[in-house]
Amino acid sequence: MKKILFSCILTGIMQTAYAQNYSLDNTIKVNESDSKEVIIQKAAHVVPTDNQLRALEKEFIAFIHFGPNTFTRMEWGTGMEDPSIFDLKTLDTDQWCKAIKAAGMKLVMLTVKHHDGFCLWQTRYTKHGIMSTGFQDGKGDILRDLSKSCKKYGLKLGVYLSPADLYQIENPEGLYGNGSKKTLRTIPREVEGRPFANKTKFQFVVDDYNEYFMNQLFEILTEYGEVDEVWFDGAHPKQKGGQTYNYKAWQQVIRTLAPHAAIFGKEDIRWCGNEAGRTRRTEWNVIGYQENPDTMNMFPDMVAEDLGSREALQKAKYLHYQQAEINTSIREGWFYRDDTEQKVRNADDVFDIYERAVGGNSTFLLNIPPNREGLLPQKDVEVLEEVGRRIRETYGTDLLKKAKGPKEVLDKDRKTYTLIDEKDPVITITTRKPITLNRLTIQEAIEQTGERVEEHYVEAWIDGAWKKIAESTNIGYKRILRFPQITTDRIRIHFPKMRMQAGICKVSAHYYPAVPPQLTAKRSLDGQVTIQVKESDFGWKRHGENSAGNLNAGYSIHYTTDGTAPTKNSESYQGAFTADNQEVQAVSVLNGKTGPVLQERFGYIKKDWKAEASSEAEQHGAALAADENPNTFWLSGNGDQDRTLTIDLGAVKTIRGFAYTPQNRNAEGMIERGTVWVSQDKQNWEKVEDFMFGNLINDPTKRSCTFKKATEARYFKIQMTEGANRSEKAAVAEVDIF
């Protein structure tokens, strides 16, 4: 079993470790005779390798998906695309790196080959790539240009070489699953006229595809400068011929040629289990395996919520350090499609993921796909610049710089740390004068003492007493605690539960300029209104977090229902309330400041309504009338009379207008023009007036129409006369009547 040696390990720690007969290691075997206590003591001695620690210290890194899919607007290609589809005319990798550097990222990962098999560098081993395009007369090399730009901007380089390869599957002469015998092969295979400057040779007994794959690994790892991360995934759009991957051979090539590179998807770094930017509340990097990960060939995805608790580790046969990488995209999809239909995450969302990922013992890998002009889109660049500004302004200043406390946690040196006294597990820090903060970061000396803290909480001296301001579970590489703004000159951090005596190497305090968040309101079928922080409309693989709410802790909500403007003195929102044909106005208040005013007009309560679409319509549930979780009514058919929606209000009401919410999943079905009819008996109908809603395609939001004259009716009917984009279909997500 390999041993990890650290020159900075303190003598006392080594004595403690060896007194237990355990040494610090990246992988430790669990014996059948080990008690629960022994397993946890062993887990407390599992530490990252140097490569893993360097990867964690990068914290925030970039992904670049670029290739034929950029031009076909597909997420996954087929492998049969003509290379000329990659119709790149211009390329500016300096622009990429400038924006990435501005965001505070430290590494750029390029998809040098995605599942379609198209290669973005001048490989010797296939013509399916950039060499067969018109870009720079077939001599272009995106990996070469990016490598130069990374050096210029002080960024590290990573590569994603997809093990799956649809071109090698679909091509009649392809190497993937071609049934070739495993024979002794020399890597790299020499190609006449293109010798290698690096004379390293490997010999493996492998088949054609594994040889091809390692030949390309050799090119990438020897001809483009230092590579700091090699990224693999387990995606298989299609398989053939029982093809297997000889990862142990790949590993030997990588470890030899790129000794400082961490390997994603294998023993070094694991996938977080989703592509949405969702993080676990407790992300342990010391996790359990049933086989020895040091000798494994295949690494299954780990998607369970609990991977490293005491209970989870009791089932393990090996304890291994393997950190999580939180990967998601700034756009809806991995590849660029367009700037109109493809939404972009806002800065709140990206910064929130950053704090949850980096501050949750993980690394944050954000994909930013270039467009068809070879540039990062301006929308994306603006978000990156704003996120970078927030990171610098928040975490670039440590408010404990001149504080008093254990010097090992205040000196910004990971190699020094303080051991937490198990009899009095608390760190106390005082400042010369009161500081205002809403963020606290804590780091364990994981490379020297492992992951040991299981629970911790923070108190601050406020108004002459200690007050708990934050609490959480594990710490590991870094924990960022977020809490409402406080002002204090004393902080205490308690560690009530540890696996063994923990080593804390850094504590820092920060201030994020939180703002009162924007609000939104919805109403249930029985008229109960709830108000909450408005979530991003980014709809791709939702992570379930309310980013604006997370960032701006401590806000309060105040509202009115009488038409007056809300202030911090208006009624405080404590829970759902009833609104029947009323306008609700609300505002958030934080640190004495007020946010934008929410104005939402709610019509009559819909509990007793009955909705009925035209007889030939495709009706998707009578929940149309509800404000909460509305379904879409499709009013399809031929002729105007087929495209109607009738609502029985249950009683005669005074009607002054209505509001229409379109379905926004696609352009079809939005009602641009129509007519409103009313009736007392559902037999005799009276026309009220015509209406028109413009620009629904670009802005599919709620629209309202106030009638010139109020009317009395029990039955209300909308008839579509023209759909947006001249669609023949009519659809309604919600209707309000007031």
Side-chain angles (χ1 to χ4, degrees), residues 63-96 108-149 159-178 191-194 208-209 212-213 215-217 219-220 223-224 235-238 240 329 331 333-342 367-377 380:
F63 218 165
I64 299 288
H65 278 69
F66 196 39
N69 296 348
T70 308
F71 293 85
T72 62
R73 297 170 172 80
M74 296 175 63
E75 276 295 280
W76 280 12
T78 65
M80 298 305 291
E81 294 89 354
D82 188 315
S84 64
I85 285 175
F86 188 74
D87 190 23
L88 187 65
K89 305 296 185 187
T90 58
L91 178 71
D92 190 349
T93 54
D94 274 6
Q95 185 254 4
W96 302 2
V108 185
M109 191 94 60
L110 177 67
T111 54
V112 292
K113 184 190 79 168
H114 200 246
H115 311 321
D116 52 30
F118 184 91
C119 299
L120 294 181
W121 79 102
Q122 290 287 333
T123 177
R124 297 162 173 79
Y125 301 103
T126 182
K127 292 297 181 183
H128 190 66
I130 198 166
M131 70 293 296
S132 297
T133 74
F135 180 60
Q136 296 181 358
D137 296 325
K139 294 181 172 55
D141 191 318
I142 294 173
L143 181 57
R144 176 196 63 207
D145 290 356
L146 180 58
S147 176
K148 291 179 180 178
S149 295
V159 292
Y160 166 26
L161 186 68
S162 172
D165 192 316
L166 285 166
Y167 176 75
Q168 294 295 336
I169 289 175
E170 302 291 359
N171 183 353
E173 297 180 359
L175 305 176
Y176 190 108
N178 67 353
V191 175
E192 186 177 353
R194 293 191 63 184
D208 287 352
Y209 185 70
Y212 171 76
F213 193 85
N215 283 331
Q216 293 193 323
L217 267 179
E219 291 178 315
I220 291 166
E223 298 187 326
Y224 296 91
H236 292 287
K238 186 176 182 180
K240 176 185 175 184
S329 183
R331 285 185 166 251
W334 292 106
F335 288 89
Y336 175 88
R337 292 196 299 277
D338 55 62
D339 281 326
T340 53
E341 297 297 323
Q342 191 180 28
N367 179 62
I368 316 108
N371 61 24
R372 288 179 284 279
E373 285 71 49
L375 299 171
L376 299 187
D380 308 45

TODO: Evaluate the criterion side chain to side chain donor-acceptor pair (under 3.5 Å) for residue pair His65 and Thr111; output intermediate values, then yes/no.
DONE: CA-CA 5 Å; His65 278 69; Thr111 54; 4.9 Å; no
Task: Donor-acceptor contact present, side-chain Asp208 to main-chain Leu175, <3.5 Å - done: no
Open item on the list: By the definition side-chain hydrogen bond (donor to acceptor under 3.5 Å, both in side chains), identify the one residue from Lys113, His114, His115, Gln216 that meets it with Asp165.
Closed with: Lys113
Open item on the list: For a 4.5 angstrom cut-off between non-hydrogen side-chain atoms, does Phe86 reach Leu120?
Closed with: yes
- [ ] Quick one: pull up CG in Asn178 and CD1 in Ile169 and give me the separation to the nearest 0.5 Å.
- [x] 11.5 Å
Task: Shortest non-hydrogen separation from Ser147 to Tyr224 and the atoms involved - done: OG-O, 2.7 Å
Open item on the list: Quick one: does any side-chain atom of Gln122 pair with a main-chain N or O of Gly129 as donor and acceptor, under 3.5 Å?
Closed with: no
Open item on the list: Quick check: closest heavy atoms across Val159 and Met109, and the distance to 0.1 Å?
Closed with: N-SD, 3.5 Å
- [ ] Working to the nearest 0.5 Å, report the span between CG of Asn215 and OG1 of Thr123.
- [x] 8.0 Å
- [ ] Report yes if some heavy atom in the side chain of Leu166 is under 4.5 Å from a heavy atom in the side chain of Lys238; otherwise report no.
- [x] yes
Open item on the list: Rounded to the nearest 0.5 Å, what separates atom CG in Leu91 from atom CG in Asp145?
Closed with: 5.5 Å
Open item on the list: Within this structure, what is the CH2-CG distance for the pair Trp76 and Asn69, rounded to the nearest 0.5 Å?
Closed with: 10.5 Å
- [ ] Can you see which heavy atom on Gln342 is nearest to which on Arg337, and at what distance?
- [x] OE1-N, 2.8 Å
TODO: Please tell me if the side chains of Tyr176 and Tyr212 come closer than 4.5 Å, counting only heavy atoms from C-beta onward.
DONE: no
Open item on the list: Does any part of the side chain of Leu143, heavy atoms only, come nearer than 4.5 Å to the side chain of Leu110, both counted from C-beta?
Closed with: yes
- [ ] State, yes or no, whether a side-chain contact exists between Pro377 and Tyr336 at a heavy-atom distance under 4.5 Å.
- [x] yes
Task: Atom of Trp121, atom of Met131 and distance for their closest heavy-atom approach - done: O-CE, 3.4 Å
- [ ] Measure the spacing between CD1 of Ile130 and CZ of Phe135 and express it to the nearest 0.5 Å.
- [x] 5.5 Å
Task: Polar side-chain atom of Gln95 near backbone of Thr93 as donor-acceptor pair, under 3.5 Å - done: no
TODO: Indicate yes or no: does Arg331 engage Asp338 in a salt bridge with an N to O separation below 4.0 Å.
DONE: no
Open item on the list: Any heavy-atom pair between the side chains of Tyr125 and Val191 that's under 4.5 Å?
Closed with: yes
- [ ] Look at atom NZ of Lys240 and say whether more than 12 heavy atoms of other residues, nucleotides or ligands are closer to it than 6.0 Å.
- [x] yes
TODO: Look only at the side chain of Thr90 and the backbone of Glu373, and say whether a donor-acceptor pair between them is shorter than 3.5 Å.
DONE: yes
Task: Check: Leu375 main-chain N/O paired with Asp92 side-chain donor or acceptor under 3.5 Å - done: no
Task: Glu223 bridged to Arg124 by N-O distance under 4.0 Å - done: yes
TODO: Check the angle between the aromatic planes of Phe71 and Phe66 and answer parallel, tilted or perpendicular using the 30° and 60° thresholds.
DONE: tilted
Task: Minimum heavy-atom distance Cys119-Thr126, with the two atoms named - done: SG-CG2, 3.9 Å
- [ ] Heavy atoms only: give me the nearest Pro83-His128 pair and the separation to one decimal.
- [x] CG-ND1, 3.9 Å
TODO: To the nearest 0.5 Å, tell me how far Ile64 CD1 sits from Ile142 CD1.
DONE: 10.5 Å
Task: Crowding at CG, Asp82 (>12 non-hydrogen neighbours, <6.0 Å) - done: yes
